[in-house]
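What follows is a set of notes on a single structure, which appears directly below.
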4 protein chains.
Amino acid sequence: MASDTIENPKVPRTERGRKTQRKLLDAAAIEFGERGFHEASISSITRRAGVALGSFYTYFDSKDAIFRALVLDMSDAVKSAARDAIADETDPLAIERAALGGFLRFASEHKEIYRIIDEAEFVDPDSYRAHYETIGERIAQRLRDGAQAGVMRPDLGEVEAWALMGMNVFLGLRYAIWNRSGDPTPEDVAKAANTLLAKGIEA
Amino acid sequence: MASDTIENPKVPRTERGRKTQRKLLDAAAIEFGERGFHEASISSITRRAGVALGSFYTYFDSKDAIFRALVLDMSDAVKSAARDAIADETDPLAIERAALGGFLRFASEHKEIYRIIDEAEFVDPDSYRAHYETIGERIAQRLRDGAQAGVMRPDLGEVEAWALMGMNVFLGLRYAIWNRSGDPTPEDVAKAANTLLAKGIEA
Amino acid sequence: MASDTIENPKVPRTERGRKTQRKLLDAAAIEFGERGFHEASISSITRRAGVALGSFYTYFDSKDAIFRALVLDMSDAVKSAARDAIADETDPLAIERAALGGFLRFASEHKEIYRIIDEAEFVDPDSYRAHYETIGERIAQRLRDGAQAGVMRPDLGEVEAWALMGMNVFLGLRYAIWNRSGDPTPEDVAKAANTLLAKGIEA
Amino acid sequence: MASDTIENPKVPRTERGRKTQRKLLDAAAIEFGERGFHEASISSITRRAGVALGSFYTYFDSKDAIFRALVLDMSDAVKSAARDAIADETDPLAIERAALGGFLRFASEHKEIYRIIDEAEFVDPDSYRAHYETIGERIAQRLRDGAQAGVMRPDLGEVEAWALMGMNVFLGLRYAIWNRSGDPTPEDVAKAANTLLAKGIEA
DNA sequence: CATGAATGAGAGTTCATTCAT
DNA sequence: TATGAATGAACTCTCATTCAT
């Protein structure tokens, strides 16, 4: 995963402990992704991780705590994926296109991310909101940069940023999570979305 | 609510029964909206509805069943709201603008809708998917109509429809559910989004 | 038991419910008496009562709640036993003797009472303290009455009341709970204690 | 604490070990006093003592074992306090007065003693009973000595001894543990109790 | 001797669902 | 049709004790 930032966990004092904690986090990603928060059970997580039930509580205070840790972990991972994808781009529109392409690829490989982030709406509303607000601000900043560079309209703001985020999220849902045979490739999707973004839909 | 379509419920034979069922459905909308599916309890729903616990099973087979009935009910309500909002419009772009405006107003008044629809992702994935696919197709049809009318580009398809749906959903999340003082009005949001949609973001 | 006063229970709405609640309370008296609060288990209480585990929570909010209800129940029972025992007496010293005699007989038949009241010190300190303070005040009042009648010294107060209560409690512990063959009868104990109380121990 | 008598502990071989064991015992006195046996946890005891969890089992076989060791330790301490308090007295009544005064002072400084001794009733009934029977016999012996000296009645026995013990214990509970501002001093309490003991309550 | 991670039995509690009235 | 008591499986969490280092 992209980050070592873990919220409020009990910090292991030995290398062995560190490994066990990581095993639990990875097992939880799978369990929560497959079954959702409420259907998931601690005992199933520890079974997947290959540790005893009680060991869970050596590393996390509660089911909520490991979920929160996981949301942060995934939220960071998404942002990293986008950051990596746009690293080589300089043109503002190309940046948006690369960001979406990177996100689509990332989501294809981590389909559990939608369920986990979405479920945060119920389990940990603060993380959920923080996740989208952070991303929204990041996009808004890129739009301002694009305006600065004279490539984008100067009146773009938060509304446009959230609209763009929504586009990306739903294209991910449709083409990375619910993809069917015959669907356009991620690149094609990103290209079409980029055109829409750049020129709009008017004839 | 907008529709009487209820999936697979036990059909009441008397007028009194019909009223009890409606009371349960309304109580469930509040309960699921406030607490989410798993935190919600049947006994709390019956308490809100003012009927005995056992009576619940006279009208619904299970907790899942009433949730599914509710998702359909809400899904229909959203679509109706959009349909009503665009009834008087003829210009394709004005239609989209009116649809978003209508949706923002509807969501402001039914904030529970996001939680309920979103939770369907976990409780009843089929309804969840069906909800968005239906809306996506409806939007795609409008884009084709716009192209037919010569107002929109002729190459618009499913990708653009999902992008547009994502825009609308996220603008609703940000400006109808998470709205803050100082935020633009629904009309302003709809206008800005419409401009983005029409012309894109290029300078 | 002596009283229907039950603290903060869920009030049954039917006769059947009332009976089940009483069965649980009686079973709890035995279970807590035999095993003590912490070793006692809800499942054992319901097994003794012949009801399902879940039914417990129809009538009590928690293990603590039924324990508190029981302490009140027993506390009332002790006080009733004393009240009944002294009903026919008029002489202040005879009253004290009858009170102790009545208490010893009651404790012999309800040996669980010591364990339950004593354990309240840990589980519900407020009830524990209230139990002894109430009894202490009642004794102090009787001493004042005795002084009024000219039979007892006029300077008796709280100190003497607590001393007398301690005497009674420990004589109950030794001769009602830990009684052995060859021990004096309750009447003999009450008589000896009464002499001590009246005349003291000086030669 | 007053004694080194520890029941069935693992005997440390080194000075360092002896110190660790003492730290655990002192920490346990605080922990059991504050939280009671069942709420107390080994990990909390070791935390208070500043040693690792596993080290506990180097010095005690179980939670029960350290509790038993502690009860003996405290029981000895109570008896020592009484013994010290009466060391200089020769008059039988003055001895009883000094014993109570000493006990009240000791209990004021070791309020945890009541909880620990009382909880022994549940955790280790044998120690509990032995504690009071030993003290009872000691008091009975003193009463016989008083009779021998011609100062007390010749017919005093076990009943009077237990009555006296009960007086002392309850006066300790009321005036050493539950003391309030405005209460009589330990000396005043001891004096009043002594008068009661000597002359009784008759006018 | 000291450490702290690992273990797993066992507890209290919840609540969807059933059923007798 | 309405009621509310009864059921029991399933879950999260605790912690005394063991063990590898």
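In what follows, every chain begins at residue 1, and chains take the letters A, B, ... in the order their sequences are listed. Values in this document were obtained by computation on a predicted structure and should not be read as measured data.
Across the protein-nucleic acid pair, B:His38 atom NE2 and F:dT12 atom P stand 12 Å apart, rounded to whole Å. One atom, CZ of A:Arg47, and another, P of E:dT7, lie 14 Å apart when rounded to the nearest Å. Rounded to an integer number of Å, the gap from C:Arg18 CZ to F:dG4 P is 13 Å. Distance CD1 (D:Ile45) to P (F:dA16): 8 Å, rounded to an integer number of Å. One interatomic measurement links the two molecules: CZ of B:Phe32 to C1' of E:dA16, which rounds to 12 Å at whole-angstrom precision. Across the protein-nucleic acid pair, A:Glu15 atom CD and E:dA5 atom C1' stand 13 Å apart, rounded to whole Å. For the pair A:Ile66 CD1 and F:dT12 P, the computed distance is 12 Å after rounding to whole Å. Atoms NZ (B:Lys23) and P (F:dA2) sit 8 Å apart, rounded to a whole Å.
Residues B:Ala40 and A:Gly50 each lie close to DNA chain E; by heavy-atom proximity, the contact nearer the 5' end of the strand is made by A:Gly50. Along DNA chain E, the nucleotide nearest to B:Ile42 and the one nearest to C:Glu39 differ in position, and the one closer to the 5' end is contacted by C:Glu39. Checking D:Arg35 against C:Gly54, the closest nucleotide of DNA chain F that is more toward the 5' end is the one next to C:Gly54.
A close approach under 4.0 Å does occur between a side-chain nitrogen or oxygen of C:Arg16 and OP1 or OP2 of F:dA6. Side-chain N/O atoms of A:Thr20 include one lying less than 4.0 angstrom from OP1 or OP2 on E:dA6. Of the side-chain N and O atoms in C:Ser55, one or more sit less than 4.0 angstrom from OP1 or OP2 of F:dT7. When the side-chain nitrogen and oxygen atoms of A:Tyr57 are compared with OP1 and OP2 of E:dT7, none of them lie within a distance under 4.0 Å.
Closest to the C:Arg13 side chain, of the nucleotides F:dG4, E:dG8, E:dT17, is F:dG4. Of the listed nucleotides (F:dA16, E:dG10, F:dA5), F:dA5 has the atom at the smallest distance from the side chain of B:Leu53. Residue C:Ala52 has its side chain nearest to F:dG8 when only E:dA2, E:dT17, F:dG8 are considered. Among the nucleotides E:dT17, E:dG12, E:dC1, the one closest to the side chain of D:Thr14 is E:dC1. Checking F:dT7, E:dG12, E:dA5 against every side-chain atom of A:Thr58, the shortest atom distance belongs to E:dA5. Comparing F:dA6, E:dA16, E:dA5 against the side chain of B:Lys63 picks out E:dA16 as the nearest. The side chain of A:Val51 lies closest to E:dT7 when the candidates are F:dT12, F:dT1, E:dT7.
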Salt bridge (charged side-chain N to carboxylate O under 4.0 Å, His left out) between D:Arg115 and D:Glu112, intermediate numbers included:
CA-CA 5 Å; D:Arg115 294 202 74 179; D:Glu112 73 275 16; over 6 Å; no
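Note on D:Glu15 versus D:Lys19: no salt bridge recorded, every NZ/NE/NH1/NH2 to OD/OE distance being 4.0 Å or above. Using a cutoff of 4.0 Å between basic side-chain nitrogens and carboxylate oxygens, C:Glu34 and C:Arg48 are scored as salt-bridged.
Here the CZ-CD1 distance, from B:Phe60 to B:Ile45, works out to 9.0 Å after rounding to the nearest 0.5 Å.
The partner of F:dA9 is E:dT14, judged by Watson-Crick or G-U wobble contacts that both fall below 3.5 Å. In a base pair of the Watson-Crick type (N1 to N3 plus N6-O4 or O6-N4) or a G-U wobble (N1-O2 and O6-N3), with each distance short of 3.5 Å, F:dA20 is matched with E:dT3.
Listed for the D:Lys63 side chain is a donor-acceptor partner under 3.5 Å among the backbone atoms of D:Phe37.
Using cut-offs of 30° and 60° on the angle between ring planes, the pair A:Phe32 and A:Phe67 is perpendicular.
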